[in-house]
J.: 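Have a look at this one before I ask anything.
Chain letters run A, B, ... following the sequence lines, proteins first and then strands; every chain starts at 1.
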Amino acid sequence: MMKTMHNRDTMHTTFDHKEIEKKWQAKWKESGLYRTDIDSAKEKMFVLDMFPYPSGDGLHVGHPKGYIATDIYSRFKKMSGYEILHPMGWDAFGLPAENFAIKNKVHPRVAVEKNIANFKAQLDHLGFNYDWEHEINTIDPSYYKWTQWIFLKLLEKGLAYQSYEPINWCPSCQTGLANEDLENDGTCERCGSQVEKRPMRQWVLKITDYADRMLADLDTLKKWPEHIKEAQRNWIGKSEGATIDFELQFTHKPEANSNRGPNGEKAALPVFTTRPDTLYGATYMVLAPEHPWVTLAIDDSHDVLKNKKEVKAYVAAAQQKTEIERTNAEKEKTGVEVKGVVAINPANGEKIPVFVADYVLAGYGTGAIMAVPAHDERDFAFARKFLIPIVQVVDTPHSLPFDGAGPLINSGEFDGMNSEEAKAAITKKVGGKLTSTYRLNDWVFSRQRYWGEPIPVIHCEKCGVVPVPEDQLPVTLPEVEHYEPTGTGESPLAAIDEWVNVSCPTCDGPAKRETNTMPQWAGSSWYYLRFIDPKNETALIDPKKEKKWAPVDVYVGGDHAVRHLIYARFWHKFLYDIGVVHTIEPFERLEFLGFILAEDGRKMSKRWGNVINPDDIVAQHGADTIRVYEMFMGPFENTTAWSTNGLVGAQRFLERVYGLSDHLSDTEPEAVTVLLHKTIKKVADDIESFKFNTAVSAMMIFLNAAEEQGVTKASYGTFLKLLAAFAPHITEELWERLGNDYSIHEQPFPEVDESKLTESTVTIGVQVNGRHRGSVTISRDAAEKDVVSAAQADPDVLRHLEGKEIMKVIYVPNRILNLVTGG
RNA sequence: GCCGAGGUGGUGGAGUUGGUAGACACGAGGGACUUAAACUCCCUUGCCACUUAUACUGGCGCGCGGGUUCGAAUCCCGCCCUCGGCACCA
């Protein structure tokens, strides 16, 4: 290929990025370029990042990656004719601010506001197109008024309740936690302490009522990554099966059999099983140590067991174990037979022993199981150890335990029936119910800490729990002397008598405020809605605005695959049910981003001393450089290590773009025009699908060609528009230098001239026997015989055809020619 | 164990309705400019063999082993490894 080289020497022009950034950031602000017109008639596009927690450490270069992507995407959409909403806000309640406040003796609000100012400055340095008129902050009383309002609605609908069940308690953070706040090994995700089970009064949200809908509606989320949906499915953990009652008989104190319940009804315990088809093989029953029946049976006032002491000791020992010890499948099974009581297998009437064992979990299903050792690995191991009969009921050539399906045996009238069919049939015979159970537990919603939204209820001696009347919202967080957690299970708010003691809204009698606060995740469970209508004082959101702007069109973030996204989906569905929103899901499309590691391949952390502050990169290399670089690093969803060399590569690219403005030509080769239109198409398609790395690469390819072959002012201007979303400062500057009107960011995105995309000649690869041997350049859509004769004229091809006869010709027009020879 | 995503040069990565693998960038080597260095620019750069040669040419190459096909990074079968979610969940 011919290359007419311009001498790049003379092309090199450096520019003062600091000057340009300062100039245009000021101009953008002054002209209100990025203001959103919520009432615009244009089609809307709501592009949102997961808003940050404003930590004292500030941003490192990894944080802005997602923000850059949404900035580019929303700028592109604006150029494509949409009215965009691309806001930013602060998730500012939570433990770190509170801990910082305790340590440094400042009010958390003061610390957080300082951090926000720092974050905002860091973001502004990168040239983002946020409309700060739409900023929100979860700690503003005008915001959390509506967080509290949602809680009241949940309470009203019976979806918030108080529970005294043992919950996760972090001894270091001194607060209760939700299951979602724990690591896999049962430690606190925030401080790493081993979490304890502790019974205490808690507010709990009935998220399980929404489990089925949250699971089913995942299928409507066509624009979500599969792995996120899968993580949510796993978290919800639905199992389908049956609940079947097992009658108990007392053998040690037979008189107890005739004297149960007010109507003499028999005692029966329900078990949950996914394999009701194996009921005939159930040779014992197991209860979790925390099962209420067990608790009752070992109570001192009861005396129906033969070995109460022994069972009691086992239960006590089980409670001493940590979560990890309890849930380690590898360890040998332990348990104790409950003597003096047997269960009746409802299928065949056999008397089977009852055990208490900690391999059965109280929090799942009914906390009791029917054990089928022949067809369950765990039951098999347990049965072998305790010498319990093993009865095979599913026919299989495999060895036991076998947990697959097959024709039944030893199952009375069901012999020969297939497992699947037998599930419903056997359940029906024994009067059981086909049910589902979930791994997901209700959301433990109260924290015994200061820095959170007060839960808006009042406890009255006479009336019990009384919601704070809506017109008294927000219940504002009072000033306190000390933020330290009390450790007693009471929040620090409990010490502020003048705040706690109120009169009951119902009876006017003496009452106390709820002193627990909401978890960190409350404010972020609905914040996206508030961006649309941030200053509304009379409603959470104006219905008309909601109708136009919800849901979020593109939501971008990493992490939070379950927690935040589960909670937000839950609240959104609730808001749908009470008529606040009109869609069943909050986020139409989700883009998951990969993180940026430090140059040494480790996570960026103060601990390793490898943190890079974007401010330093902006100062040294420019905001446009870091923007282009972070998009060029690799696929958006990939986690990649920072590379200063790569950054410099992006900077060189921008400097060459800038330098080219001094070397524009009056004409350009057709090839450059054609390439420009290919580039327009490629960049538009790639931004739409979040493939920013290949969009940048396409622009680099165009720049290389334009430098080598020449480019006109018009084409160069078009190219600048493609680059504008990525590098908003220098493109604005160059746009002005070309003599155009302000602003490049309000230009329509260039149109592709489709006629330019089809070149008149094509280069076709030529294969001999499937191996590439040469290529021919020929007019588009050339006839097969012309391509073959052109290929036969190619010496490289000819060499491989020598002395051979062409048996077969495979020709894919404009793509490939394959000559197959005999011999 | 179950489920999901992935494995391509020295590096980040292109390319998957099967059709010229390695675009673009980084790094490296060589050269121009410079008193010198930096910057900038030009050339080379998957591996191996042959060769005075970086020229030709041939062979091998997308985790491994098979298969389908004129043709496989792409489709099928069987493995291995990495990352993520769940996990004594009945």
Side-chain angles (χ1 to χ4, degrees), chain A residues 3 5-14 184 225-239 241 271-275 278 286 288 326-331 333 357-361 363-372 375-379 381-382 403 437-440 561-562 592 594 629 632-635 637-650 652-653 655-656 659 691 693-701 703-704 707 763-775 796 799 807-812 814-821:
Chain A
K3 285 186 180 174
M5 300 293 169
H6 289 253
N7 184 352
R8 278 186 185 165
D9 254 351
T10 57
M11 277 193 166
H12 180 63
T13 323
T14 47
N184 281 337
E226 192 52 43
H227 74 274
I228 303 278
K229 291 198 271 186
E230 198 52 34
Q232 297 221 347
R233 284 188 198 107
N234 286 339
W235 191 263
I236 294 166
K238 180 177 184 171
S239 295
V271 304
F272 174 77
T273 177
T274 54
R275 295 297 302 274
T278 63
V286 190
R326 286 270 309 253
T327 57
N328 179 8
E330 306 300 313
K331 71 147 205 231
K333 301 266 177 292
D358 65 4
Y359 82 92
V360 171
L361 309 174
Y364 185 78
T366 60
I369 63 160
M370 60 178 229
V372 185
H375 303 290
D376 182 279
E377 212 178 312
R378 297 151 300 178
D379 297 345
F382 191 87
D403 63 6
T437 191
Y438 301 89
R439 204 205 69 106
L440 181 75
V562 284
F592 193 80
Y629 170 60
F632 185 60
M633 286 177 89
E637 66 278 11
N638 277 24
T639 292
T640 319
W642 180 264
S643 156
T644 302
N645 283 325
L647 177 79
V648 170
R652 280 203 279 264
F653 166 65
E655 274 166 3
R656 284 167 53 205
K691 286 154 77 177
N693 56 330
T694 48
V696 172
S697 151
M699 289 188 283
M700 286 173 168
I701 291 168
L703 177 70
N704 289 344
E707 279 182 347
T763 301
I764 296 173
V766 180
Q767 299 178 338
V768 178
N769 296 325
R771 302 191 60 98
H772 178 238
R773 297 301 182 185
S775 57
D796 289 336
R799 188 169 42 244
M807 306 290 287
K808 193 174 172 188
V809 175
I810 288 128
Y811 175 55
V812 182
N814 306 324
R815 296 204 95 146
I816 197 102
L817 176 73
N818 189 8
L819 303 173
V820 184
T821 68

J.: What about N234(A): does its side chain form a donor-acceptor pair under 3.5 Å with the base of rC86(B)?
T.: no

J.: Students often get this wrong, so: under 4.0 angstrom with heavy atoms, is R233(A) touching a base, only sugar-phosphate, or nothing?
T.: nothing

J.: Considering every strand and a 4.0 Å limit on heavy-atom distances, what is the contact class for P225(A): base, sugar-phosphate, or nothing?
T.: nothing

J.: Within the structure shown, what part of the strands sits under 4.0 Å from H227(A) by heavy-atom distance: base, sugar-phosphate, or nothing?
T.: sugar-phosphate

J.: Is there a Watson-Crick or G-U wobble partner for rC2(B) with both distances under 3.5 Å, and if so, which one is it?
T.: rG85(B)

J.: For a quick test of reading the model: is some side-chain N or O of Y364(A) closer than 4.0 Å to OP1 or OP2 of rA90(B)?
T.: yes

J.: Between R233(A) and E230(A), is the closest basic N to carboxylate O distance under 4.0 Å?
T.: yes

J.: How long is the line joining CG of N638(A) and C1' of rU11(B), in whole Å?
T.: 14 Å

J.: What's the closest nucleotide to the R656(A) side chain, out of rG4(B), rG59(B), rC41(B)?
T.: rC41(B)

J.: Side chain of R773(A), heavy atoms from C-beta onward: which of rG58(B), rG19(B), rC88(B) has the nearest atom to it?
T.: rG58(B)

J.: Mind checking if T437(A) touches a base, just sugar-phosphate, or nothing, with heavy atoms under 4.0 Å?
T.: nothing

J.: N693(A) near the nucleic acid: base, sugar-phosphate alone, or nothing, with a heavy-atom cut-off under 4.0 Å?
T.: sugar-phosphate

J.: When K808(A) is tested against each of L819(A), N818(A), V820(A), N769(A) for side-chain contact (heavy atoms from CB on, under 4.5 Å), which residue passes?
T.: V820(A)

J.: Measure from the side-chain heavy atoms of F632(A) and tell me the nearest of rG12(B), rG19(B), rC88(B).
T.: rG12(B)

J.: Give a yes or no on whether a donor-acceptor pair under 3.5 Å exists between the nucleobase atoms of rG19(B), that is its base, and the side chain of Q767(A).
T.: yes

J.: Tell me which nucleotide among rG13(B), rC70(B), rC88(B) gets nearest to the side chain of N818(A).
T.: rC70(B)

J.: Determine the contact category for I369(A): base if any of its heavy atoms lies under 4.0 Å from a base atom, sugar-phosphate if only primed atoms, P, OP1 or OP2 are that close, otherwise nothing.
T.: base

J.: Can you tell me if T694(A) touches the phosphate of rG13(B), counting only side-chain N or O atoms and a distance under 4.0 Å to OP1 or OP2?
T.: no

J.: I need the CZ-C1' distance between F592(A) and rG84(B), as an integer number of Å.
T.: 8 Å

J.: Is rA72(B) paired to anything, Watson-Crick or G-U wobble with both distances less than 3.5 Å, and if yes, which nucleotide?
T.: none

J.: Do the ring planes of F592(A) and H227(A) sit parallel (below 30°), tilted (30 to 60°) or perpendicular (above 60°)?
T.: perpendicular

J.: I need the NZ-P distance between K238(A) and rG85(B), as an integer number of Å.
T.: 24 Å

J.: Distance check needed: rA14(B) P versus K691(A) NZ, whole Å only.
T.: 9 Å

J.: For L819(A) and rC70(B), what is the distance between atoms CG and P respectively, to the nearest whole Å?
T.: 15 Å

J.: For N645(A), report the nucleic acid contact type (base, sugar-phosphate, nothing); a contact means any heavy atom under 4.0 Å.
T.: sugar-phosphate

J.: Of the listed nucleotides (rC24(B), rU40(B), rG71(B)), which one gets closest to any side-chain atom of R652(A)?
T.: rU40(B)

J.: With a 4.0 Å cut-off on heavy atoms, is K229(A) in touch with a base, just the backbone sugar-phosphate, or nothing at all?
T.: nothing

J.: Using a 4.0 Å heavy-atom cut-off across all strands, classify V360(A) as base, sugar-phosphate, or nothing.
T.: base

J.: Ignoring backbone atoms, establish whether N704(A) has a side-chain N or O less than 4.0 Å from OP1 or OP2 of rA25(B).
T.: yes

J.: Compare the minimum distances between each of rG58(B), rC89(B), rC70(B) and the side chain of R439(A), then state the nucleotide with the smallest one.
T.: rC89(B)

J.: Would you classify G237(A) as touching base, sugar-phosphate or nothing, given that sugar-phosphate means primed atoms plus P, OP1 and OP2, and contacts are heavy atoms under 4.0 Å?
T.: nothing

